[in-house]
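Excluded from the calculations below are hydrogen atoms, water molecules and symmetry mates; all remaining heavy atoms, backbone and side chain alike, are included.
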Amino acid sequence: MKVTDYIISFLIEKEIKQMFGYPGGVICHFIDSATKFTENIEAHATYHEQAAAFAACGYAQANCDVGVAYATSGPGATNLVTGIANAFFDSMPVLFFTGQVDTYGLRGDLPIRQRGFQETDVVSMVQGISKYAVRVDSPEEIRYHLEKAYYLATSGNPGPAVLDLPADVQRADVAVETLCGFEPDEEVSVTKESEVVQTILQELKKAERPCLLVGNGVKQSGCRTMIRTIIEAMKIPTVFSMPAFDVLPTEHPQNMGFIGANGHRYANFVLGKSDLILTVGSRMDLKQVGNQRASFAPQARIVRVDIDEGNLSYKVHEDECGIVADLKRLCPAWLEKIGEFPKCSDKWLDVCRQLKDELKGYDDLPYNKLLTAFGNMIPENVIMTADVGQSELWVAQNLPIKEGQRVYLSAGHGTMGYSLPAAIGASYTADRPVFSFSGDGGIQMNLQELQFVKRENRPIKVIVINNHALGMIRGFQEANFNKNYAQTIQGCGYSAPDFEKLAKAYDLPYTRITQEEDLVGLQLDTMKAELIEIAIPQHTLLNPNFGTTGKIQDQRPYMNRDLYDRLMEL
């Protein structure tokens, strides 16, 4: 069997149904092999390798399974690097296959930069942002490296694996029955689930004002439904890291918002007033807790549950309790004992709900209300993706999450241009519309993929929130550089295109929205692709932000002190 036929057969055996890539000379054998198995797996050509990587990430996020991306050597491989980093920082199991020049064309130990055309040592480049990266130098090694890459990508804290495939290795024939496989070492020991459950139980029994902090690990592990059952059984106030803000519907009685620098004020207040913060699957990074980690909720006992011991080594409080556990095993054990867990007091729940009622919409301006009105029209059970920048925060802050809705972001790496290709990947996981939100800056990073949407007739609503600026940076310049808007607004080195003309160029329907009246008659439940521009003023603000007091709940612009003091006394 040809090596690339073997690779495709392996992916089919793992029930991977979609791949994304871009053709090139030394990845053609891989692509040719994919065409032999089209009843079981599809290979989709994007218009840029970075977009292929992001599409594979979006597929992995939405499917809670392995994504696959491929590219040729040299610039093709290096164009995947941002996507590899994105998968690494957000713990996505994605397999990346890169073509490479023939083994006899590699420079080896020669003191030259390059021997073969488009020869590039991509493995060295990505070793720090992947769980496994190797060049397969012999056809007989393919089974071992494939099995190891898949195992490492999907085990423990998931992440990307990269196999670099020289062209002569790809086209070689192997006797499958003679290939040696990979045998994993014993799994890293984790605390027994029953012990973890007992620890959590004892901590909750001692607490009067507990809250649960849910992170992206809950989504990545496929434990969303079990966590919701746990939350509802304990009636525990729950806050979220921003990538996990969609785990509960917005109006769910235990949903107290997402935390962090630009998080909901009421969510940060809940943290600031809790005496126990139980975190599951959250890294507790700087965007969530601030630079002064010891000042984060100083009155609260922190109990952290994470599959990655490395995350737990980066402590928030020196006396916190860190537990290494796999949520896929912990949640069932937790549910078995859920009847023993105390329910939160009505008094504490009333405080949390009062905080939410009084502070919801505190920072709203007309464009916030317009986005909320637009979000109210989005159907249940749809997938949404959001790009990096103000648009991402506005989605998290303002869109009301309904039953079954899912939102996927580039969280840790924060890559502009993520939303559209991620939406493409996600669109292959469900037969329903996908909503892709981008700013006018982010959409231009992978604008070419509108042609993919049109070519493949993907049911993607491409929403561009257009303020004719790189708004997040513009805001930073306003606060720190005396309004020197270099390279961020029209006339100062930045501009946005006419999106109506752009939609026409890609033969996509177009709608422009500037006020709530424009929403009348808008149909968002159709399976047709379209481009929707939401035009808002250039000098928009992204509020709230972390303050300088060191208190997570004391965000800028600072609240009226009488109101702040009254809420802190609740």
Side-chain angles (χ1 to χ4, degrees), residues 2-11 16 18-38 41-59 67-87 94-107 113-126 129-130 133-137 139 142 145-146 149 160-172 417 420-421 424-425 445-452 455-456:
K2 191 166 80 166
V3 166
T4 49
D5 288 354
Y6 177 80
I7 294 171
I8 300 299
S9 298
F10 175 89
L11 299 177
I16 296 168
Q18 312 293 338
M19 303 184 294
F20 305 89
Y22 195 88
V26 292
I27 200 65
C28 278
H29 283 281
F30 182 93
I31 297 170
D32 182 70
S33 291
T35 65
K36 301 175 184 178
F37 302 91
T38 52
I41 194 168
E42 292 183 285
H44 306 279
T46 59
Y47 290 92
H48 194 288
E49 293 89 354
Q50 185 191 87
F54 290 165
C57 289
Y59 179 83
V68 175
Y70 57 88
T72 193
S73 63
T78 57
N79 280 342
L80 290 178
V81 171
T82 299
I84 294 169
N86 184 77
V94 184
L95 298 178
F96 292 89
F97 296 95
T98 56
Q100 186 56 273
V101 300
D102 296 305
T103 54
Y104 52 80
L106 294 165
R107 66 182 176 89
R113 296 184 179 184
Q114 186 184 58
R115 184 181 179 192
F117 173 66
Q118 291 188 333
E119 177 191 2
T120 306
D121 183 5
V122 68
V123 169
S124 296
M125 295 180 185
V126 302
I129 51 170
S130 60
V134 66
R135 191 179 67 217
V136 183
D137 286 331
I142 188 59
H145 289 305
L146 254 182
V162 183
L163 294 186
D164 195 36
L165 305 171
D168 56 332
V169 171
Q170 291 183 53
R171 63 179 179 264
L420 178 55
I424 288 171
M445 290 283 191
N446 273 307
L447 192 61
Q448 73 284 340
E449 301 311 319
L450 289 175
Q451 185 61 31
F452 186 110
R455 186 191 78 209
E456 301 298 323

* Asked: Between L163 and L146, is any pair of side-chain heavy atoms under 4.5 Å apart?
  -> yes
* Do you know which two heavy atoms are closest between A77 and A71, and how far apart they sit? -> N-CB, 4.2 Å
* To do: Decide yes or no for T120 and V101: does some side-chain heavy atom of the first lie under 4.5 Å from some side-chain heavy atom of the second?
  => no
* To do: Please examine the side chains of D32 and K2, heavy atoms only from C-beta on, and report whether any two atoms are closer than 4.5 Å.
  => yes
* To do: Can you measure from OG1 (T4) to CZ (F30) and round to the nearest 0.5 angstrom?
  => 8.5 Å
* Do M19 and I8 touch side chain to side chain, with heavy atoms closer than 4.5 Å? -> yes
* Please name all residues satisfying side-chain hydrogen bond (donor to acceptor under 3.5 Å, both in side chains) with T38, sequence neighbours left out, ordered by chain then number. => none
* Would you mind reporting whether T98 and L165 have side-chain heavy atoms less than 4.5 Å apart? => no
* Asked: With R115, which residues qualify under side chain to side chain contact (heavy atoms under 4.5 Å, CB included), at least two apart?
  -> R107, L110, I112, E119
* Structure fact -> Applying side chain to side chain contact (heavy atoms under 4.5 Å, CB included) to S73 and not counting sequence neighbours gives V26, Q100, Q118
* Asked: Is there a side-chain contact between H48 and N446, using heavy atoms and a 4.5 Å cut-off?
  -> yes
* **Atom CZ of F452: over 12 foreign heavy atoms under 6.0 Å** => yes
* Asked: By side chain to side chain contact (heavy atoms under 4.5 Å, CB included), which residues pair with E42, not counting sequence neighbours?
  -> Q18, H44
* Mind jotting down which residue pairs meet the side chain to side chain donor-acceptor pair (under 3.5 Å) criterion with at least one end in residues 74-84? Sequence neighbours excluded, please. => E49-N79
* Asked: Between E449 and I424, is a side-chain contact (heavy atoms from CB on, under 4.5 Å) present by the stated rule, with each step listed?
  -> CA-CA 9 Å; E449 301 311 319; I424 288 171; 3.9 Å; yes
* Kindly indicate, with the supporting measurements, whether the criterion ring pair (Phe, Tyr, Trp, His ring centres under 6.0 Å) is fulfilled by F96 and Y70. => CA-CA 6 Å; F96 292 89; Y70 57 88; over 10 Å; no
* Any side-chain donor paired with an acceptor under 3.5 Å for Q170 and D168? -> no
* S33 and D5 side chains, donor-acceptor separation under 3.5 Å -> yes
* Partner residues of A133 under the side chain to side chain contact (heavy atoms under 4.5 Å, CB included) criterion, sequence neighbours left out -> V123, V126, Q127, S130, V162
